[in-house]
Amino acid sequence: MWHHVTMRVHNFGAGPCALPLEVLEEVRDEFPEYGETGMTVIEMSHRSADYEAIHSEAKERARRVSGAPDDFEILFLQGGATLQFSMVPLNLLSEGEAAGYVESGSWGRKALSDAKMLGGYSAWSGEASGYTTMPAPDEIEVRPGTRYLHVTSNETIGGIRMVDFPDLGVPLVADMSSDYLARPIDWRLYDVVYGGVQKNLAPAGMALVFIRKSAVADRSHLGSYLRYSTHVEGDSLANTPPMFQVYLMGKVLRHLEERGGVEGLQKRSEEKSSLVYDAIAASDGFYRSPVDPAVRSHTNVVWRLPTEELEAKFVAEANERGLVGLKGHRSVGGIRASIYAATEMPSVEALVSFMAEFAARNRP
Ligand SMILES: *Cc1c(COP(=O)(O)O)cnc(C)c1O
């Protein structure tokens, strides 16, 4: 049992994952009484003044940190990023319109699979390369009648990131779940930016959605929760919102602002991931990165060892040292270190020193 803060593991989980300790301690202090209310946040009415203050502060911080201009609405929606795979095509596509999808990995493919029956098509696929690289803008095929192009900013499983977002004359819709607010967003390009919050920002169960006001269309044929307009009109309070997620995200965003906002996180993500890539490069081929170096992810670093047996041993011995969550996704195997916002440099240093020691002991 990890029952004391000094016993916290080095968490490299892909999501859910580490959250900032300062924030967790603050939340603990606000349980079971939030301020003078005599109850916790998750027990209070979502129509109360106390909750409304939490809600609007989280929203203001999301706007400030992201730099989203006023012509974007900010929504807190249930169903994670996955519900957005459906909501985006249901709300953005009209009769006869199509949407291009960049299939850069597992998540891009899932997004397309939920849009196919509504007009989604593959505008590029990384299948031939085993999803180890991203397309150059001129490799993406945008057909006439395309309403939007969907991209995944960071493929969490494959460990690759989109470096240049394509400006091809159609608005972009981006799933940014796994590097959310870890780099600046060029808002001109987008109609929708969304992501599940459970990697960089909050506990699972919510999507943070930015939608251009002009993209919010009348969709009265859809059930109310499925329409963006419902949530715009209700300020994400049309029904009971995911209050704990909103509350916690507000605190994580404050923590992020105090540490240099998006630019600060971008710099830390680059530094932390570089340390692991350097350790891979310094291993004389014992560790191998399968991904195109030009697009390697700053948040999910994937690599292989000489054999699957050694990979299993690596994960088991890392676990014994409190380095957890390193097993690669079941679909690709190998090792994956997810280094989100709250996995700090000392954890990464512990990982790379274990990597060097393990390689020295197990080199064939
Ligand atoms: C984690 C993740 C998702 C899934 O998010 P849910 O909230 O579980 O639906 C979608 N896209 C990407 C890129 C992810 O990393």
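Start at 1 with the first residue, then count along the sequence. Both ligands and their constituent atoms are indexed starting at 1 by order of listing.
- The Thr82 neighbourhood of ligand 1 comprises atoms 6 (P), 9 (O), with distances under 4.0 Å to a heavy atom of that residue.
- Scanning the protein for heavy atoms near atom 10 (C) of ligand 1, the closest one is Trp107 CE3, 3.3 Å.
- For Tyr51 and Tyr247, the gap between ring centers reaches or exceeds 6.0 Å.
- Tyr225 has its ring centre less than 6.0 Å from the ring centre of His231.
- Among Asn154, Thr152, Thr156, the residue whose heavy atom sits closest to atom 15 (O) of ligand 1 is Thr156.
- Taking a cut-off of under 4.0 Å to the non-hydrogen atoms of Gln198, the atoms of ligand 1 that pass are 5 (O), 6 (P), 7 (O), 8 (O).
- Atom 11 (N) of ligand 1 has its closest protein heavy atom at Asp175 OD2, 2.6 Å.
- Of the N or O atoms in Gly196, none lie within a sub-3.5 Å distance of an N or O in ligand 1.
- To the nearest 0.5 Å, the span separating NE2 on His10 from CG on Leu326 amounts to 11.0 Å.
- Each of the atoms 7 (O), 9 (O) of ligand 1 lies under 4.0 Å from some heavy atom of Gly80.
- Closest heavy-atom approach to atom 14 (C) of ligand 1 among the candidates Met176, Lys199, Lys110: Lys199.
- Salt-bridge check for Lys267 with Glu263: failed, with every basic side-chain N at 4.0 Å or more from each acidic carboxylate O.
- If you look at Phe72 and Phe210, their ring centroids are not closer than 6.0 Å.
- Distance check, rounded to the nearest 0.5 Å: CZ of Arg336 to CG of Asn300 gives 6.0 Å.
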